[in-house]
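The structure presented is a predicted model; accordingly, all values stated were derived computationally and were not measured. Counting convention: from 1, in listed order, for ligands and their atoms alike.
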Amino acid sequence: MLQQTTIPTVLARYGEWMRRFPTPAALAAVDEQTALRSWEGLGYYRRVRALQATARAIVQLHGGEFPTDEVALKALPGIGEYTAAAVLSFAYNKPAPLVDANVARVLARLYNDPTPIDTSAGRRLLHERAEVLLHRSNPRAYNAALMELGQTYCTSTKPRCTECPVRRYCRATEPESLPAKKNHVEPTAVQHWDIWLLTDTGLLLEKQPEGTRHAGMYRFPQRSRSSVAALPLICSQKYAVTRYKVTRYLHRAPADFPTLPSETFVPLSLLPSLPMASPDRKLLKQLTEK
Ligand code: SF4
C-alpha cells in the first residue's frame with residue numbers, strides 16, 4: 001500500500017483491509033471486483049491485482065504460508081527486489097538493504113555523491129552503500145530509521161542539518177542540490193470529456209478492459225470534445241494521476257445519446273459495490289448525494 005501512497009492515506013485504510021483479508025487465503029478467495037472495491041481510495045490498482053495474484057500463488061505453492069527466503073519471495077508475482085527486501089527486513093528482521101526515495105536522498109547526501117540516482121551507475125552505488133551500512137543484527141530498526149531520517153530530517157527541500165542525528169558522518173556540502181537526477185519529468189496536462197447519462201435503467205458507465213491501468217474498474221464514459229460541445233456542462237474536476245494533471249469535463253447527455261458496446265447502464269443501487277477510481281467515486285458521490 002505504501003508504494004506510491006502516502007502514510008496518512010494508508011493508515012486510514014490498513015486496519016480495515018487487514019480485518020477484511022487477514023490471511024493470503026482470505027484475499028485469494030474473493031473475486032477481483034471485491035478486491036478492487038476494497039482497495040478503493042488507495043489508487044494504483046495494479047498493486048491490488050498483483051497482491052491478489054501473490055495471495056493465490058502463496059496458497060497454491062506454499063499452503064497459505066508467506067515464504068521467508070529471498071528466492072521464493074521473488075518468484076511470486078508482483079514481488080521484485082525492493083518488496084522482497086522490505087518483507088525480509090520488516091517482517092522477518094533479516095539483513096536486506098532497502099533503498100526507497102527517502103533512503104536514496106539520505107545516502108546521496110551522506111556520501112556527497114552527485115552521480116544521478118536514476119542511472120544504472122547511481123542505482124548500483126546506492127545499493128552497495130545500503131549494503132555496506134546495513135546493521136546486521138537489527139536490520140528492521142535500521143531500515144526503518146534510515147527511511148524516517150529521510151522523512152523527518154533529511155527532507156528534499158529543507159534538510160534540518162543542524163539537528164540531524166547523523167550530522168557528524170555526513171559529507172554533504174550543499175544538501176539541497178542532492179540527489180542529482182538525469183531525467184526530471186514535468187507533469188503533463190491532459191483533458192478529457194465525459195458524459196453523465198442517467199435513465200430509469202441506471203447510470204451509463206464503462207468497464208475498463210483488460211490490459212489497461214484500471215482494468216475491471218468502472219468509469220464515466222468518455223467522448224471527444226466536439227461530440228459533447230452542444231451538451232450542458234455539469235461540472236469540471238481537476239486531479240493528478242502519476243505524472244498527469246487531469247482536467248475532466250462532465251456533460252449531461254440526453255437519454256437517446258448514442259452509447260458504445262463497452263458501456264452499460266448500472267442501477268443506482270449497485271453503484272456502491274462497483275470498483276471505481278477515487279476521482280470518479282468522488283464525483284459520483286457529489287452528484288448522487290445532491
Ligand atoms: S546532515 Fe543534513 S544532509 Fe546530512 S543526512 Fe543529516 S539532514 Fe541530511
Under 4.0 Å between a side-chain nitrogen and a carboxylate oxygen: does that hold for [X] and [Y]?
X: Glu131; Y: Arg136; value: yes
X: Arg19; Y: Glu16; value: no
X: Asp194; Y: Arg219; value: no
X: Glu263; Y: Arg223; value: yes

Inset, instruction - Identify, with sequence neighbours excluded, every residue that meets ring-ring contact (aromatic ring centres under 6.0 Å, His included) alongside Phe257. - result: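 Scan of Phe257 (ring-ring contact (aromatic ring centres under 6.0 Å, His included), adjacent residues dropped) gives none.
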
Legend entry - Tyr111 six-ring centre to Arg129 NZ/CZ under 6.0 Å and within 45° of normal: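 Checked: cation-pi criterion met.
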
Legend entry - Closer than 2.8 Å to atom 4 (Fe) of ligand 1 - protein N, O or S atoms, ordered by chain and residue number: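 The answer, once waters are left aside, is Cys170 SG.
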
